[in-house]
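Take a look at the structure set out below.
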Amino acid sequence: MIEPRWQDRWEAEQTFKAFNPGQVVPSTHPFGLRHGLAGQPATAAALPPKFYILDMFPYPSGAGLHVGHPEGYTATDILARFRRSQGRHVLHPMGWDAFGLPAEQYAIKTGQHPRVTTNANITNFKRQIRSLGFSYDWSREVDTTDTGYFRWTQWIFLQIYHSWFNPVTQRAEHISTLPYPADCTTEAQRRPYRDSKRLAYVSEAPVNWCPELGTVLANEEVIDGKSEVGGFAVIRRPMRQWMLRITAFAERLLTDLDTIDWSDSLKEMQRNWIGRSEGAEVDFTLDGHGERIRVFTTRPDTLFGATYMVLSPEHRLVKQITTDAQREAVEKYQTWAAGRSDLERTELAKEKTGVWTGAFAINPVNGQRIPVWIADYVLSTYGTGAIMAVPAHDERDFEFARKFDLPIVQVVQPPDAKTDWQGFCDEGTAVNSSGPDLSLDGLPTLEAKRTISTWLESRGLGKKTVNFKLRDWLFSRQRYWGEPFPIQWEPAADGSRHHAGIAESELPLLPPALDDYKPTADGQPPLARAADWVNLPGNVLRETNTMPQWAGSCWYYLRYLDARNGEAFASKEAESYWMSAAAAIPGNGPAPTPGVDLYVGGTEHAVLHLLYARFWHKILFDLGHVSTPEPFYKLVNQGLILGSDGQKMSKSRGNVVNPDDVLQEYGADAFRLYEMFMGPLSETKPWNTQGVEGVYRFLGRVWRVFVDEKSEAEFEQACAVDPSIGDQHLSKVKLSPAIADVPGEPAQLKALHASIKKVTEDLEGMRFNTAISAMMIFANDALNWPVKPAGALATFLQLLAPFSPHLAEELWERLHNHLGKPVPSLTYTPWPTFDPALLVEDSYELPVQVNGKLRDVLRVPNETTNAQLEALALAAEKAQPFLAGKTVRKVIVVPKRMVNIVVG
RNA sequence: GCCCGCGUGGCGGAAUUGGCAGACGCGCUAGAUUCAGGUUCUAGUGAGUAACAUCGUACAGGUUCAAGUCCUGUCGCGGGCACCA
């Protein structure tokens, strides 16, 4: 009943609006009144230190909000309100990641334009989010499918397209700084060279094609050979696709993880995905050919144990080196391997397959002739697509050698003599590793690696190398409901076509209107259906692929900074004010950090959104468009909320909890409180509706701390008679006559300040569950106070306000009215500080242990000396039976903590 | 298989540097209010005992005056990666 009233009030007052440098703060705005900025233009210098607190914006699905969404949103809202009260200038925005498959599939089925579906879903999401009382600045709302938004997504793509990665500076630079090789003189020669260096480039390589979805997918979107969305089969097939050169940034994406405050597990996931490994490339000459085969190995120290080589079936040299006798078998194997889907490949991973090419290579360290095989356990996309096989010390090579009866030679001695050397893959000591020019025998693995690397380099046979698992980002999709590429294909004199970026002045490039959203009959993307959109004068064609859903979410946190700017994605001033570090307000939390101060969301984006966004941000940083190398300084993952049966919530299990139902029954305040009281934010935890009941009771107790019992009882009776006019009755409820504007008793102040301390410290540490328990303890105590000091109650409401803002506002207003005082803004009233002096008592409880077991607890004055403590403990009544007849060997006194008597 | 994280009452979870295990809440038991149900209030609630004793933080060891916390091993659960040479 009281909740919509306050939501309307906040909206009318624009209570949570954040102001950009240069904007005028309205003269009545409570933020302006607090910070002396009312009615004045805010300058970056005059504005208080920023706090940018961000939620992962939702995809507005037709199903509406899930109880998982409000978990993170409540946490950030509590902190946003807390920081506002502490005097920070809080940026807390919300928006919609609205491109995506469901709206498009719905369009295919019904013909309804995805725009219509999307708008309806956004309306519903916004209603639900608003009803939870979150303090978003809605004036900065973004929608990735809005032309005013994706215009800048396209603009950023153009910046990427017009850039290359300079290996010397290790930075993205404009393509105009690209140096050309000496033999590259004409434009006809330079264009393909230039295009091969861009950060956005076209590739013909095999891609992850999902027939069911009718589109290609990025590596990050394929899980166990199936699509991340829907779980459909994915096959590899060569196609012409747009790629983004994220691999150029692999090293920086890895090392910069050390500069940001993310959980170890999340950093670890990114590290694993980037997959850096150090090793060496070694050249093997082919016996009887001029060709060389280059391999990558992390264990060059085992080179003497290489008894055969393996190429991936797709390796470019396979055709040349295969002998006539083996040709048929090799080609058959290649065909078979190419026809296998990713899924089959992983499922059958245990059984090794392969064929001998008939060729031999020479091991450069000992001159041995070793056979060259092809096998699909060697990946064409990693390293050089070829390996030297050391079956004695590599699990996969070992399996393969056993299956095909290839020689196994020990070259590493395990440190523990009992360990079998066959299949031993760890570090040890080199053995059997002597050749005409070199011996590694007796060297520990690490040294052996160094020695042989130096030797190889000095002979020009190899060099140290670093490899990454990370692949370039497949960036095009065959869909309608996505951003069209700002790219067109222009004809050349020889009849071929090349791509070119369209002019920035032509942005936004809108998608065409279509009646049918399916791909064309000949397998072209849906945009190809719009002939008059695709075909431009001069035989120029538009690109018909669209960008993946990730494009919009790669930079949305930047658009919030200046969401209505039509000249740029954000003004320089806004970007630099909100994204730069600054000084702290003493005693009021941490200093503003570079980038987003706190980002909260689920872990499902660990290697997708969070990697892509960091990548784009680094490009924008290199090009001078943003001022920090990393976008998200601190990141916290909320844990999953399970159904009450401890299983993942899903429609098929019937354990899904709908926030609307909870809200209807208990209200937003109780819902918010329960989401936070369940347990630590980052933990996985099951939903329990009885738990909601528990916090609902707590709010009821808070209410009864304040209101007059008699008028409350009358109110409840009146509601029972006619619930429809409940709010009329509610206004008649009076506050308790026990509330008086008097200073608190010492015990009352102690209770209050203990909870100020606990709530404040727990908010800093994001320990919401224990903060709530501290408030419960206070309310239980305050309920029994015969006289209730108004000041203490007001302060308590400030503590409660971030968690349950509606009830806090209501009681805050009534309390001030009750005292006949003006009502200050609860949002912008300075956060209370606790007085340590009020918490100190003059005595404390001293546990007395005998041999480590608790036997008695004494109350002793603070100033008791250690010697006195010892004497008191030895005399403790309940400890006596355990001391009788024993010798006291030692007494350990921990001042203010406990005493332990050791007897024997 | 590899890499992270986690195992505490009937349940969700508390426990600065090792220092009173089980805060707070749910549930349960008994009582009060009530015609009754609900609400609310009071008391109790790890096992065990008449009460003590004793046992108790996945299991088995270890370090320590003292271990949920530190060390070693085992088991279980969750997440990530998965033929990455």
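Quick caveat: nothing in here was measured; it's all calculated off a predicted structure. Protein chains get the first letters and strands the later ones, always in sequence-line order, with residue 1 at the start of each. Hydrogens, waters and symmetry mates are skipped; everything else that's a heavy atom, side chains included, is used.
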*Can you find an N or O donor on one side and an acceptor on the other, under 3.5 Å apart, linking the side chain of A:Asn272 with the base of B:rC81?*
no

_Closest nucleotide among B:rA85, B:rC83, B:rC41 to the A:Leu783 side chain_ = B:rC41

*Just how far, in rounded Å, is C1' of B:rC4 from CG of A:Leu266?*
11 Å

*Looking across every strand, which nucleic acid part, if any, lies under 4.0 Å from A:Asn780 by heavy atom: base, sugar-phosphate, or nothing?*
sugar-phosphate

*What's the CG-P distance between A:Leu611 and B:rC81, to the nearest Å?*
12 Å

_Using atom C1' in both nucleotides, what's the gap between B:rG10 and B:rU45 to the nearest angstrom?_
11 Å

*Counting side-chain heavy atoms from C-beta on, which of B:rG19, B:rG25, B:rC26 comes nearest to A:Ile892?*
B:rG19

*Whole-Å P distance, B:rU72 and B:rG80*: 27 Å

_Just confirming the chi classification of B:rG27, syn or anti, using 90° around 0 as the syn window._
anti

*So what's B:rC2 paired with, Watson-Crick or G-U wobble, going by both distances under 3.5 Å?*
B:rG80

_Keeping A:Asn769 on the side-chain end and A:Met678 on the backbone end, is there a donor-acceptor pair under 3.5 Å?_
no

*A:Tyr674 has an atom OH; how far is it from atom C1' of B:rC24, in whole Å?*
13 Å

*Gap between atoms CD and P, on A:Gln270 and B:rC81 respectively (whole Å)*: 12 Å

*B:rU16 phosphate, OP1 or OP2, under 4.0 Å from A:Arg897 side-chain N/O*: no

*With a cut-off of under 6.0 Å to the ring centre and 45° to the axis, is A:Arg614 in cation-pi contact with A:Trp262?*
yes

*Do A:Ser277 and A:Tyr382 meet the criterion of a side-chain donor-acceptor pair at a distance under 3.5 Å?*
yes

*Yes or no on salt bridge (charged side-chain N to carboxylate O under 4.0 Å, His left out) for A:Arg672 and A:Glu71, after CA distance, side-chain angles and deciding distance?*
CA-CA 8 Å; A:Arg672 294 165 55 114; A:Glu71 189 193 11; over 6 Å; no

*Pairing nucleotide - B:rU16, Watson-Crick or G-U, each distance under 3.5 Å*: none

*Between P of B:rU39 and OH of A:Tyr696, the distance in whole Å*: 11 Å

_Pair A:Ser644, A:Asn688: side-chain N/O donor-acceptor within cut-off below 3.5 Å_ = no

*Output yes when at least one side-chain N/O atom of A:Tyr377 is less than 4.0 Å from OP1 or OP2 of B:rA85, else no.*
no

_B:rC6 and B:rG12, which share atom name C1', separated by this distance in whole Å_ = 16 Å

_Closest nucleotide among B:rU40, B:rA85, B:rC83 to the A:Arg704 side chain_ = B:rU40

*Rounded to the Å, how far apart are A:Glu683 CD and B:rG5 C1'?*
9 Å

*Would you mind telling me which of B:rG13, B:rG25, B:rC20 lies closest to the side-chain atoms of A:Asn769?*
B:rG13

*Can you tell me if A:Glu220 and A:Tyr612 form a side-chain donor-acceptor pair at under 3.5 Å?*
yes

*Rounded to whole angstrom, note down the C1' distance from B:rA53 over to B:rA47.*
14 Å

*Between B:rU40 and A:Arg701, is there an OP1 or OP2 to side-chain N/O distance shorter than 4.0 Å?*
no

_Roughly how many Å apart are B:rU69 and B:rU17, using the P atom of each and rounding to a whole number?_
13 Å

*Taking only the side-chain nitrogens and oxygens of A:Thr770, find out if one of them lies under 4.0 Å from OP1 or OP2 of B:rG13.*
no

*Select one nucleotide: of B:rC83, B:rG1, B:rG12, the one nearest the side-chain heavy atoms of A:Glu395.*
B:rG1

*Can you list every salt bridge (charged side-chain N to carboxylate O under 4.0 Å, His left out) pair that touches residues 265-279 of chain A, not counting sequence neighbours?*
A:Glu251-A:Arg276, A:Asp258-A:Arg271, A:Glu268-A:Arg271, A:Arg276-A:Glu278

_Please give the distance between the P atoms of B:rC41 and B:rA50 as a whole number of Å._
34 Å

*Give a yes-or-no answer on whether the side chains of A:Tyr696 and A:Glu665 include a donor-acceptor pair shorter than 3.5 Å.*
no

*asked:* So, under a plain 3.5 Å distance rule, would you say the side chain of A:Lys469 forms a donor-acceptor pair with the base of B:rC81?
replied: no

*Tell me the partner of B:rU57, counting only Watson-Crick (N1-N3 plus N6-O4 or O6-N4) or G-U wobble (N1-O2 and O6-N3) with both under 3.5 Å; none if nothing fits.*
none

*B:rG22 versus B:rG37 - spacing of their C1' atoms, nearest Å*: 34 Å

*Which nucleotide in the list B:rG80, B:rG19, B:rC83 gets nearest to the side chain of A:Met269?*
B:rG80

*asked:* So A:Val902, base contact, sugar-phosphate only, or nothing? Heavy-atom distance under 4.0 Å.
replied: sugar-phosphate

_Strand partner of B:rG27, provided both Watson-Crick or wobble distances fall under 3.5 Å_ = B:rU45

*asked:* Partner lookup for B:rU40, please. Criteria are Watson-Crick or G-U wobble with both distances under 3.5 angstrom; report none if nothing qualifies.
replied: B:rA32

*Quick one: label A:Arg271 by what it contacts on the DNA or RNA (base, sugar-phosphate, nothing), any heavy atom closer than 4.0 Å.*
nothing

*Rounding to the closest angstrom, what is the interatomic distance between B:rU16 and B:rC3 at atom P?*
30 Å

*For the pair made of CG in A:Leu257 and C1' in B:rC4, what is the distance, rounded to whole Å?*
15 Å

_Both A:Arg299 and A:Ile772 contact RNA chain B. Taking the nearest nucleotide for each, which residue is further toward the 5' end?_
A:Ile772

*Look at all strands and tell whether A:Lys685 reaches a base, only sugar-phosphate, or nothing, counting heavy atoms closer than 4.0 Å.*
sugar-phosphate

*Rounded to the nearest Å, what distance is computed from the CE atom of residue A:Met388 to the C1' atom of nucleotide B:rC83?*
17 Å

*The side chain of A:Val894 lies closest to which of these nucleotides: B:rC20, B:rG19, B:rC4?*
B:rG19

*With sugar-phosphate meaning primed atoms plus P, OP1 and OP2, does A:Glu845 contact a base, only sugar-phosphate, or nothing at under 4.0 Å between heavy atoms?*
base

*Please tell me which of the listed nucleotides, B:rA82, B:rA85, B:rG19, lies nearest to the side chain of A:Trp273?*
B:rA82

*Under 3.5 Å on both distances, the Watson-Crick or G-U partner of B:rG22*: none

_Within the 4.0 Å heavy-atom criterion, would you say A:Arg767 contacts the bases, only the backbone, or no part of the nucleic acid?_
nothing

*Between A:Val607 and A:Ser265, which is nearer to the 5' end of RNA chain B once each is assigned its nearest nucleotide?*
A:Ser265

*So what does A:Ser263 touch, heavy atoms closer than 4.0 Å: a base, only the sugar-phosphate, or nothing?*
nothing

*In terms of side-chain heavy atoms of A:Arg855, which of B:rA53, B:rA15, B:rC3 is nearest?*
B:rA53

*Could you walk me through whether A:Glu761 and A:Lys757 pass salt bridge (charged side-chain N to carboxylate O under 4.0 Å, His left out), step by step?*
CA-CA 6 Å; A:Glu761 289 173 355; A:Lys757 178 174 170 11; 3.1 Å; yes

*Looking at the side chain of A:Phe677, which of B:rC55, B:rG27, B:rG25 is the nearest nucleotide?*
B:rG25

*Measure from the side-chain N and O atoms of A:Lys788 to the backbone N and O of A:Asn784, and report whether any donor-acceptor pair falls under 3.5 Å.*
no

